Amino acid sequence: MQRTLTILAAVILFVALIFPNILSRLTPPALLRLPVEAAVILGLLVVLPGRARKIFAVITGVLVGLLVIEKCLDMGFFEELNRPFDPVLDWVLFDDAFSFVVDSYGRPAAIAAVAVIVALIGSILALTCWSVLRVGALVARHRKRSAFAAAGAGAAWALTFSLGVSVWGAVPVAARSTATYAWDRAHQARAGLRDEANFAKEVQSDAFKTVPPAQMLTALKGKDVIFTFVESYGRSAVEGVALAPTVTPVLDQGTAQLAQAGFAARSGWLTSPTFGGGSWLAHSTFESGLWINNEQRYRNLVATDRLTLTRSFRDASWRTVSVMPGATRAWPEGNFYGYDTVWDSRNLGYRGPKFSWSPMPDQYTLKQLNTIEYKKPGRGPLMVEMPLVSSHTPWAPIPDYLPDWNQVGDGSIYNGMVTDAKKPGALWADPRKVRAEYGRSIVYSLTSLINWVRQYGDDNLVMVFLGDHQPSPIAAGEGASHDVPITVLAKDPKVLDRITSWGWADGLRPQPDSPVWPMSDFRDKFFTAFGQQTPAS
């Protein structure tokens, strides 16, 4: 029994040292490797005296356990956000993740998930500490043999490393993944701390900071400008093999239908700073003209007086409004952006059911925009930023589009739709169906938006609509970029004439060779296209 436990401890330590941080790499061939860290740990256990050896074993066990936990976090982040976990900047996201689970699956499920995660973390740390202590006890009893074993393991690692021996394709037998991973994470943390100082300089570098408001946005005088983010509307929805047959007909038909209503459009691509989530990072990048790809940059940004798109409109005498159907609590950042009024789920008058995470359907939000702002008599020029949220994960249930907009009412009509529709748990139990439902949600949001423009848009409407980020990899597919579509549409041909030099494609659908800009470039290009004066160099 004791021998079995010792073998088990050695196996646990071995697996922990070669444990990958990407789910697809967790395969049997990946376990047929020699971790150099095993030879180092074994050698140190040999040379250290009794008490020091135990202290070293506990510290090593904790460190190895923490690295395993972080690799598990990486797996989740790669699956959802297409990037690794940032040990310095990403902790704040767990609060949002908990809220998302509560909104989508209920509070009991969220609490149960937290309990399971806490238990798993404790188990990993306990197992890695126990394994190193157990191996250390074996070394103490057989110090000479352990020294030969450590030397042999080190020599085998050096030989396979120098010869470039591979066990499977390009995967080398000689593994140093844990040491390299720890070094990379330490370097990442250090870089994150340095970035704070660099960002402070970026914020102050603004070519439009001193341009008088009277010379800004002059080509849009008298226009109502609406910036609309379509949740998770990524390039994969337009070009993905599995998604394009569903989404592109809506865009092409919408182009023709809008043309009949007197609207023209041009479309291109922007590269979002985020993937799979973190919409606020995309919104702040778009508004500020700065690359906001983590929470540290976001928090630092909203504490400054950086000129945003919204504030530039307010300074030029537009009424500035945020319509945020996904917001369920106070949003103090609205003051930074420069909104006169913020409408959210608490004051939009919705009396219907939630659609999983989404507090209300996009069609309701668009219809209510007429009541609260757009169709108010006697108003002045209006600037609106409006994130639409029906295409937010988990993509179930999805509301039905109502051809008769008068049926929308206070939202009560949606009660039956939620009752009869797919539930998140049922959908995600079969991941093969997730991508199709994501496509359906994008079709719903685009259909609602296009038809709102057709039915209610007037001669002064200028709409810019775009995706905030790609969906998670399960919907976007492997190897998806960070690109999202963006479209400018208007009735007045002079508006689109201003962006001819951008080289965007005609219509609602960007083409594969349409220009791709970082999302942070849009603000300055927009200011330049529609202002009276070019910025200072």
Side-chain angles (χ1 to χ4, degrees), residues 213-214 216-229 254 257-265 308-327 331 334-335 337-352 359-389 401-414 445 447-465 488-496 530:
M216 298 281 285
L217 307 170
T218 52
L220 293 172
K221 291 297 183 183
K223 304 295 184 186
D224 297 315
V225 184
I226 301 179
F227 296 98
T228 304
F229 284 91
Q257 292 167 345
L258 288 172
Q260 291 178 351
F263 287 91
T308 62
L309 279 169
T310 298
R311 193 178 305 122
S312 69
F313 276 92
R314 189 178 69 179
D315 291 346
S317 301
W318 267 265
R319 171 169 166 77
T320 56
V321 175
S322 173
V323 181
M324 300 183 65
W331 186 53
N335 293 326
Y337 288 108
Y339 293 113
D340 293 317
T341 299
V342 175
W343 297 92
D344 60 27
S345 62
R346 301 170 300 169
N347 57 15
L348 281 170
Y350 184 65
R351 297 293 180 266
M360 65 193 69
D362 290 345
Q363 190 175 5
Y364 176 87
T365 302
L366 289 159
K367 184 65 163 60
Q368 192 67 354
L369 174 63
N370 294 340
T371 302
I372 60 177
E373 297 287 349
Y374 189 64
K375 291 299 181 180
K376 276 190 173 181
R379 64 166 177 79
L382 185 66
M383 178 264 171
V384 178
E385 183 177 346
M386 178 172 54
L388 299 178
V389 296
Y401 174 73
L402 302 172
D404 181 0
W405 285 68
N406 292 322
Q407 288 184 292
V408 173
D410 66 358
S412 300
I413 193 172
Y414 294 106
S445 294
T447 299
S448 300
L449 184 61
I450 291 167
N451 283 300
W452 181 86
V453 174
R454 289 176 61 203
Q455 186 155 339
Y456 300 108
D458 61 25
D459 293 349
N460 291 322
L461 176 64
V462 177
M463 177 172 283
V464 181
F465 74 88
V488 178
L489 63 87
K491 270 192 176 179
D492 186 349
K494 294 179 182 178
V495 172
L496 297 186
F530 294 103

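Residues take their numbers from the sequence shown, with the count starting at 1. Everything numeric in this text was worked out from a predicted model, so none of it was measured.
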#### Entry: Separation of Leu461 CG from Asp459 CG (nearest 0.5 Å)
9.5 Å
#### Entry: Exercise: identify the closest heavy-atom pair between Gly409 and Tyr364
O-CE1, 3.3 Å
### Query
Can you find a side-chain donor-acceptor pair between Trp452 and Asn370 that sits under 3.5 Å?
yes
### Task
For Arg379, enumerate each residue passing the salt bridge (Lys or Arg N to Asp or Glu O under 4.0 Å) test, keeping only those at least two apart in sequence or located in another chain.
Asp224
### Query
What residues form a side chain to side chain contact (heavy atoms under 4.5 Å, CB included) with Asp315, not counting sequence neighbours?
Pro213, Leu307, Arg311
### Task
State, with a plain yes or no, whether a side-chain heavy atom of Ser345 is found less than 4.5 Å away from one of Met360.
yes
### Task
List in chain and number order the residues that pass side chain to side chain contact (heavy atoms under 4.5 Å, CB included) with Gln260, two or more places apart in sequence or in another chain; answer none if no residue qualifies.
none
### Query
Gln363 versus Asn451: any side-chain heavy-atom pair under 4.5 Å?
no
### Query
Which value, rounded to the nearest 0.5 Å, describes the distance between Asp344 atom CG and Thr365 atom OG1?
11.0 Å
### Query
How would you list, by chain and number, every residue that makes a side chain to side chain contact (heavy atoms under 4.5 Å, CB included) with Ser412, sequence neighbours excluded?
Arg351, Asp410, Asn415
### Query
What distance do Asp458 atom CG and Lys375 atom NZ have between them, rounded to the nearest 0.5 Å?
5.0 Å
### Query
Is there a donor-acceptor pair under 3.5 Å between the side chain of Asp340 and the backbone N or O of Thr320?
yes
### Query
Would you call Val384 and Tyr374 a side-chain contact if the rule is heavy atoms closer than 4.5 Å?
no
### Summary
Value for CG (Leu449) from CG (Leu489), rounded to nearest 0.5 Å, stands at 7.5 Å
### Task
Work out which heavy atom in Lys491 is nearest to a heavy atom in Gly457; give both atom names and the distance.
NZ-O, 4.2 Å
### Message
Suppose we screen for side chain to side chain donor-acceptor pair (under 3.5 Å). Which residues come up paired with Ser445, at least two apart in sequence or across chains?
### Response
Asp362
### Task
Considering only NZ, NE, NH1 and NH2 on the basic side and carboxylate oxygens on the acidic side, decide whether Lys494 and Asp492 come within less than 4.0 Å.
no
### side-chain contact (heavy atoms from CB on, under 4.5 Å) assessment of Ile226 paired with Leu369
CA-CA 11 Å; Ile226 301 179; Leu369 174 63; 4.2 Å; yes
### Query
How are the rings of Tyr339 and Tyr337 set to each other: parallel, tilted or perpendicular (split at 30° and 60°)?
tilted
## Note on the structure
Smallest heavy-atom separation, Pro325 atom then Val389 atom, equals CG-CG2, 4.1 Å
### Task
Determine whether Trp318 and Leu217 make a side-chain contact, defined as any pair of heavy atoms from C-beta on separated by less than 4.5 Å.
yes
#### Entry: Met324 vs Pro387 side-chain heavy atoms within contact, under 4.5 Å
yes
#### Entry: For the student: nearest non-hydrogen atoms of Pro361 and Tyr350, plus distance
CD-OH, 3.3 Å
#### Entry: Trp331 vs Val342 side-chain heavy atoms within contact, under 4.5 Å
yes
### Task
Determine whether Phe229 and Glu385 make a side-chain contact, defined as any pair of heavy atoms from C-beta on separated by less than 4.5 Å.
yes
### Message
Let me confirm one number: the CD1-CD distance from Ile450 to Gln455, rounded to the nearest 0.5 Å.
### Response
14.0 Å
### Query
If we only count heavy atoms from C-beta on, is the Thr310 to Met383 side-chain gap below 4.5 Å?
yes
### Query
Do Trp343 and Gln368 have side-chain atoms, one donor and one acceptor, less than 3.5 Å apart?
no
### Task
Rounded to the nearest 0.5 Å, what's the gap from NZ on Lys376 to CZ on Arg319? Could you check?
6.5 Å
### Query
Can you list the residues that meet the salt bridge (Lys or Arg N to Asp or Glu O under 4.0 Å) rule with Arg314, with sequence neighbours excluded?
none
